[in-house]
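Down below is the structure, laid out as structure tokens.
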Amino acid sequence: MIFGLFGKKNSNTAIVARQYDLLTTAARRPYLYTDLDVPDTVMGRFEMLSASLILYFRRTRSSERAGQEIAQEIIDAFFEDVDHSIRELGVGDVGVPKRMKKLAAMFYGRLESYAAALESKDRDVLAAALKRNFHPQTEDPSLSMQGLADYLLAAEAQLALQGEDVVETGRIDLPQAQG
């Protein structure tokens, strides 16, 4: 991805790049796709990265100013990355803004629904929201997102233990999924 796309100059660039890389790498861990029913598709990867970013934002919401600034720059980097990916998939310049608006609405909707379930630590509500978003075309009652819900709840608990020094240096990493 291209940081500084709009000519931004600040000292957080390396921190943001490092943190965004950690979050995208965590969202692409094979276990999530092979064992936790995350679809290995463009939208499945968008959904998993969105969930990872939501955990990150929930951790940084109580951070000092530097942590919150970095979090905002990470959301900017995320949407720059999404824009770039849409263009790589062949969407023309005319269609990009419409797609971006739709994906932004999806992201913020997930932020709201996942945050409510994570706040109450409600595994079933979180699993239902994950199933609705990760598998929107499926009515299969045997498909469960309980494993992913458990992972996200455990990851959030572990992220809460991360110190401000880790936040401010862009070194927050999601834990490995347990087998």
Side-chain angles (χ1 to χ4, degrees), residues 1-33 36 38 40 42-89 96-97 99-119 126 130 133-134 148 151-178:
M1 80 228 70
I2 304 168
F3 292 104
L5 183 65
F6 301 108
K8 277 196 232 174
K9 291 183 181 174
N10 73 43
S11 60
N12 291 337
T13 304
I15 295 168
V16 170
R18 178 175 40 250
Q19 185 61 71
Y20 189 70
D21 185 53
L22 283 170
L23 292 167
T24 55
T25 299
R28 292 179 180 149
R29 289 184 177 135
Y31 181 87
L32 300 167
Y33 300 87
L36 297 182
V38 174
D40 193 9
V42 170
M43 284 311 295
R45 290 185 294 275
F46 170 83
E47 292 292 349
M48 195 60 230
L49 182 54
S50 294
S52 298
L53 287 169
I54 289 165
L55 292 177
Y56 173 79
F57 293 127
R58 287 182 49 78
R59 167 55 189 90
T60 59
R61 68 184 171 181
S62 63
S63 291
E64 298 298 321
R65 184 172 175 217
Q68 292 180 7
E69 286 175 11
I70 293 166
Q72 181 57 54
E73 290 178 45
I74 288 186
I75 194 73
D76 295 344
F78 171 62
F79 284 111
E80 285 178 24
D81 196 19
V82 169
D83 180 279
H84 179 72
S85 296
I86 289 171
R87 291 174 192 278
E88 279 188 343
L89 290 171
V96 171
R99 294 271 175 96
M100 287 298 295
K101 185 176 180 180
K102 181 180 178 183
L103 290 168
M106 289 170 59
F107 175 79
Y108 286 109
R110 280 143 181 77
L111 177 62
E112 194 173 306
S113 67
Y114 296 170
L118 288 163
E119 196 67 36
L126 181 57
L130 292 167
N133 295 324
F134 281 77
L148 184 58
Y151 167 72
L152 294 177
L153 287 164
E156 180 168 64
Q158 287 187 16
L159 290 178
L161 302 175
Q162 299 294 313
E164 286 302 308
D165 58 320
V166 176
V167 172
E168 291 177 2
T169 57
R171 297 185 190 282
I172 287 183
D173 197 5
L174 296 179
Q176 295 286 336
Q178 301 299 312

Next item on the list: Could you tell me how the ring of Phe57 sits relative to the ring of Phe107: parallel (under 30°), tilted (30 to 60°) or perpendicular (over 60°)?
Entry: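 Phe57 and Phe107: perpendicular rings.
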Next item on the list: Assess the side chains of Glu80 and His84: does a donor N or O sit below 3.5 Å from an acceptor N or O?
Entry: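 Glu80 vs His84: no donor-acceptor pair found between side chains.
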Margin query: Around atom CZ of Arg28, are there more than 12 heavy atoms from other residues, nucleotides or ligands closer than 6.0 Å?
Written below: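 Open.
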Notebook entry, point to check: Is the CZ atom of Arg45 crowded by more than 12 outside heavy atoms at less than 6.0 Å?
Noted result: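 Buried by this count: over 12 neighbours within 6.0 Å.
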Quick one: list whatever passes side chain to side chain donor-acceptor pair (under 3.5 Å) with [X], sequence neighbours left out.
X	value
Glu168	none
Arg87	Asp83, Asp93
Glu119	Arg58, Arg61

Checklist line | Contact summary for Phe46 and Leu103, nearest pair of heavy atoms | finding: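 Looking at all heavy atoms of both residues, the shortest contact is CZ-O, 3.7 Å.
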Check: Ala77 and Val16: which non-hydrogen atoms are nearest, and at how many Å?
Finding: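 In terms of heavy atoms, the two residues are closest at CB-CG1, 4.3 Å.
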Check: What pairs with Ser63 under side chain to side chain contact (heavy atoms under 4.5 Å, CB included), at least two apart in sequence or on another chain?
Finding: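 By the side chain to side chain contact (heavy atoms under 4.5 Å, CB included) rule, Ser63 matches Arg59, Thr60, Glu164, Val167.
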Notebook entry, point to check: Once you round to the nearest 0.5 Å, how far does CZ of Phe78 lie from OG of Ser50?
Noted result: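 The OG atom of Ser50 is 4.0 Å from CZ of Phe78, to the nearest 0.5 Å.
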Notebook entry, point to check: What residues, two or more places apart in sequence or in another chain, satisfy ring-ring contact (aromatic ring centres under 6.0 Å, His included) together with Phe134?
Noted result: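 Per chain and number, Phe134 pairs via ring-ring contact (aromatic ring centres under 6.0 Å, His included) with no residue.
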Notebook entry, point to check: Any salt bridge (Lys or Arg N to Asp or Glu O under 4.0 Å) pairs touching residues 47-56, not counting sequence neighbours?
Noted result: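 Qualifying pairs, neighbours excluded: Glu47-Arg110.
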